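Report on one structure; see the data block that follows.
Worth knowing before you read on, the calculation uses all heavy atoms, side chains too, and leaves out hydrogens, waters and symmetry mates. On a predicted model such as this, the values are computed, not experimentally measured, just so you know.
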Amino acid sequence: MNRLSPFAAPSCAARLLLRPRPIRLPWSPVHRVFSTSYTQRSPPHLVYPVTPTKPQSYATPLLPLPDPPVQPAVKALLVLYVPYPPTQWPSHVEMEDEFVDRVGKVVALNRVRLVVAYDGEGGGNEKQPVGYRAKVLVPGGLVKDFPEITASTLTSSDFLNTLALVSSHDTLSTSTPYTEILVCTHGARDCRCSDVGGDLVLALRAEVKRRGERLLPSGEEAERKETQEGARKWKITECAHVGGHKWAANAISLPSLTFLSNLRPSHAPLVIDHLANPEDPELRRQLWKDHFRGVIGKEVEDQVASWEAGIASPPSKQLVVEAQAVAGPEIINTAVPEAERAPLVVRFTMHDGEAHDVRGYEGESLMEIAKREGLGAVEGTCGGHCECATCHMYIPYALIDPPHTGLVPDLTDAEEDMLDYALGVREEESRLGCRIALNKGLSEWSLGGKGVELPQY
Ligand code: FES
């Protein structure tokens with residue numbers, strides 16, 4: 001079956017509005033919750049694998065990557081392998097699968113980033129409690145496999161200690177029998193990811209085969225049975241929730257944890273060459289200069305240093321300062337334990353006029369509060385990285401000026417750029433909820449009227 005061509009008419013936004021009614025996933029996690037908002041915003045169900053579209057489909061100019069290219073500072077990455085492919089996921093998989101939601105919360109509190117990947121079918125069924133395979137990775141090639149994470153694993157000391165002490169944990173191993181490339185093919189929120197990402201997956205797999213190297217199929221079972229000695233082994237895995245739709249296709253290489261964006265199928269040979277020869281400076285420079293977006297698990301300064309070294313230009317202090325400004329706030333919000341935050345009430349008004357006064361905490365972003373309360377269309381798909389516009393809200397720009405000065409931060413260029421991707425933008429009101437932290441004054445202002453208004457989509 002042919003898919004829609006990337007960037008061809010109808011536009012991503014139009015396809016978002018025209019998408020069909022939801023189909024239940026063939027596999028049902030035990031604790032799945034169907035939210036009202038998911039039913040209203042049903043995802044497209046593209047069929048995959050698919051015929052690759054023609055290279056000229058990617059003629060649209062690539063958008064410039066953030067400068068400097070860094071990821072929010074976290075300690076490690078946790079890859080959670082689920083048995084359903086990203087092309088079948090709703091726009092926000094946590095709303096569909098409560099267990100994924102719980103894992104996300106536990107890892108966020110430990111400053112570990114979660115990426116959900118597809119492990120092939122057969123990883124679970126309705127009769128069996130939810131249990132997913134996972135691995136924790138830190139830069140330097142250290143990996144710890146968890147054959148199955150269940151609700152009880154989540155509270156086990158082995159799991160929690162691994163997350164808490166991840167950089168010094170002695171059970172992390174350096175054995176990496178294959179190189180894995182996670183490619184985001186999640187198109188329910190932004191079709192560019194599934195369109196370009198899907199074709200990149202096919203191109204990478206074809207490139208591995210063309211070289212006569214071993215391509216491992218999805219699924220733990222297939223991995224375990226893999227006995228072929230000698231040949232270099234690869235695994236090309238579909239994933240979602242990596243952030244930065246407008247720079248699709250996005251990929252993360254494991255175990256190096258390098259984040260690459262703006263990839264096209266034609267880049268497959270260079271990606272494979274670089275990952276097979278990571279110490280080759282020329283291959284690294286060629287790939288990184290247009291595609292590097294940071295290294296997960298490294299502090300911001302270290303990412304900038306890696307970037308500078310990778311493209312062989314001298315480090316600059318200014319670059320580090322700018323990088324911290326880009327990568328800072330979202331982690332602060334999730335890292336503060338609830339008990340240490342001052343509780344406040346904030347009013348959100350839905351698109352149909354229904355008002356909700358909900359509890360939030362000082363310093364918590366409006367995106368996090370609305371998402372936790374399941375309000376409106378707020379998804380925060382990128383995790384608060386200013387890369388998705390799924391936390392779009394209406395807050396008068398007038399709150400920037402006297403007598404309200406300080407209630408909300410000024411609109412930055414990055415926020416303004418991202419708002420181009422929001423639906424139903426209102427002049428002088430549209431903001432991203434992940435950029436705005438709750439404070440006492442904002443709480444009081446919200447309770448004096450409609451407060452923070454939420455869009456329908
Ligand atoms: S959560 Fe993605 S832009 Fe705000």
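- Residue His267 holds its NE2 atom at 10.5 Å from CG of Leu260, rounded to the nearest 0.5 Å.
- Between the OH atom in Tyr81 and the CD1 atom in Ile149 there is a gap of 11.5 Å [rounded to 0.5 Å].
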**Report entry** Criterion side chain to side chain contact (heavy atoms under 4.5 Å, CB included) on Leu80 and Val100, from CA distance to verdict
**Finding:** CA-CA 8 Å; Leu80 187 68; Val100 173; 4.1 Å; yes
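- Here the side chains of Asp302 and Val295 are not in contact, with every heavy-atom distance at 4.5 Å or above.
- Relative ring orientation between Phe99 and Tyr132 is described as perpendicular, the plane-to-plane angle rising above 60° on a 0-90° scale split at 30° and 60°.
- Summarising the geometry of His186 relative to Pro86, their closest heavy-atom pair is CD2-O, 3.5 Å, with the distance given to 0.1 Å.
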Query raised in the report: Between Arg293 and Asn250, is a side chain to side chain contact (heavy atoms under 4.5 Å, CB included) present by the stated rule, with each step listed?
Result: CA-CA 9 Å; Arg293 250 182 82 209; Asn250 294 299; 3.2 Å; yes
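- Contact annotation: the side chain of Arg435 never approaches that of Met418 to less than 4.5 Å [non-hydrogen atoms, C-beta and beyond].
- The OG atom of Ser261 sits 12.0 Å away from the CG atom of Asp290 when rounded to the nearest 0.5 Å.
- Side chain of Arg205 to main chain of Ile236: a donor-acceptor pair is present (N/O by atom type, distance under 3.5 Å, no hydrogens or angles).
- With hydrogens and angles ignored, the 3.5 Å screen pairs no side-chain donor or acceptor of Arg264 with any backbone N or O of Asp199.
- Between Thr150 and Thr153, the side chains place a donor N or O and an acceptor N or O closer than 3.5 Å (distance only, hydrogens not considered).
- Side chains of Val112 and Val74 form no contact here, defined as non-hydrogen atoms less than 4.5 Å apart.
- Within the 3.5 Å criterion, the main-chain N or O of Pro455 finds no donor-acceptor partner in the side chain of His351.
- Ion pair Asp273/Arg211 flagged as a salt bridge, since at least one NZ, NE, NH1 or NH2 atom sits closer than 4.0 Å to an Asp/Glu carboxylate oxygen.
- Without hydrogens or angle criteria, Glu364 side chain to Ile369 main chain gives no donor-acceptor distance under 3.5 Å.
- Nearest heavy-atom pair across Arg113 and Pro72 is NH1-CD, 3.9 Å.
- A distance of 4.5 Å separates CG in Leu270 from CG in Leu287, rounded to the nearest 0.5 Å.
- Residue Cys239 is tested with Ile252, Thr185, Val115 for a side-chain contact (heavy atoms from CB on, under 4.5 Å); the sole match is Val115.
- Leu432 and Ala389 get closest at one heavy-atom pair: CD2-CA, 3.8 Å.
- From Met367, atom CE reaches atom NE2 of His392 across 14.5 Å, with rounding to the nearest 0.5 Å.
- Formation of a donor-acceptor pair under 3.5 Å by the Asp280 side chain with backbone atoms of Glu282 is found in this model.
- A 4.5 Å side-chain heavy-atom check between Ile395 and Leu366 finds at least one atom pair inside the cut-off.
- Using modelled atom types, no side-chain atom of Ser430 and backbone atom of Tyr394 make a donor-acceptor pair closer than 3.5 Å.
- Across every non-hydrogen atom of Asn110 and Val106, the tightest pair is ND2-O, 2.9 Å.
- Between the side chain of Glu213 and the backbone N or O of Val208 there is no donor-acceptor pair closer than 3.5 Å.
- Across every non-hydrogen atom of His274 and Trp288, the tightest pair is NE2-NE1, 3.5 Å.
- At a threshold of 4.5 Å between non-hydrogen side-chain atoms, the residues Leu182 and Val242 do not count as touching.
- With rounding to the nearest 0.5 angstrom, the CD atom of Glu238 is 11.0 Å from the CG atom of Leu200.
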Requested in this report: Begin from the C-alpha positions of Ile272 and Ile181 and carry the test side chain to side chain contact (heavy atoms under 4.5 Å, CB included) through to its verdict.
Outcome: CA-CA 9 Å; Ile272 298 288; Ile181 308 174; 4.1 Å; yes
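- Considering every non-hydrogen atom in both Lys371 and Glu379, the closest pair reads CD-O, 3.2 Å.
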Query raised in the report: Are Arg210 and Glu207 close enough, and set up right, to give a side chain to side chain contact (heavy atoms under 4.5 Å, CB included), and what steps lead you there?
Result: CA-CA 5 Å; Arg210 191 187 66 75; Glu207 181 61 22; 2.7 Å; yes
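- For the pair Asp101 and Lys105, the salt-bridge criterion is met [side-chain N within less than 4.0 Å of a carboxylate O].
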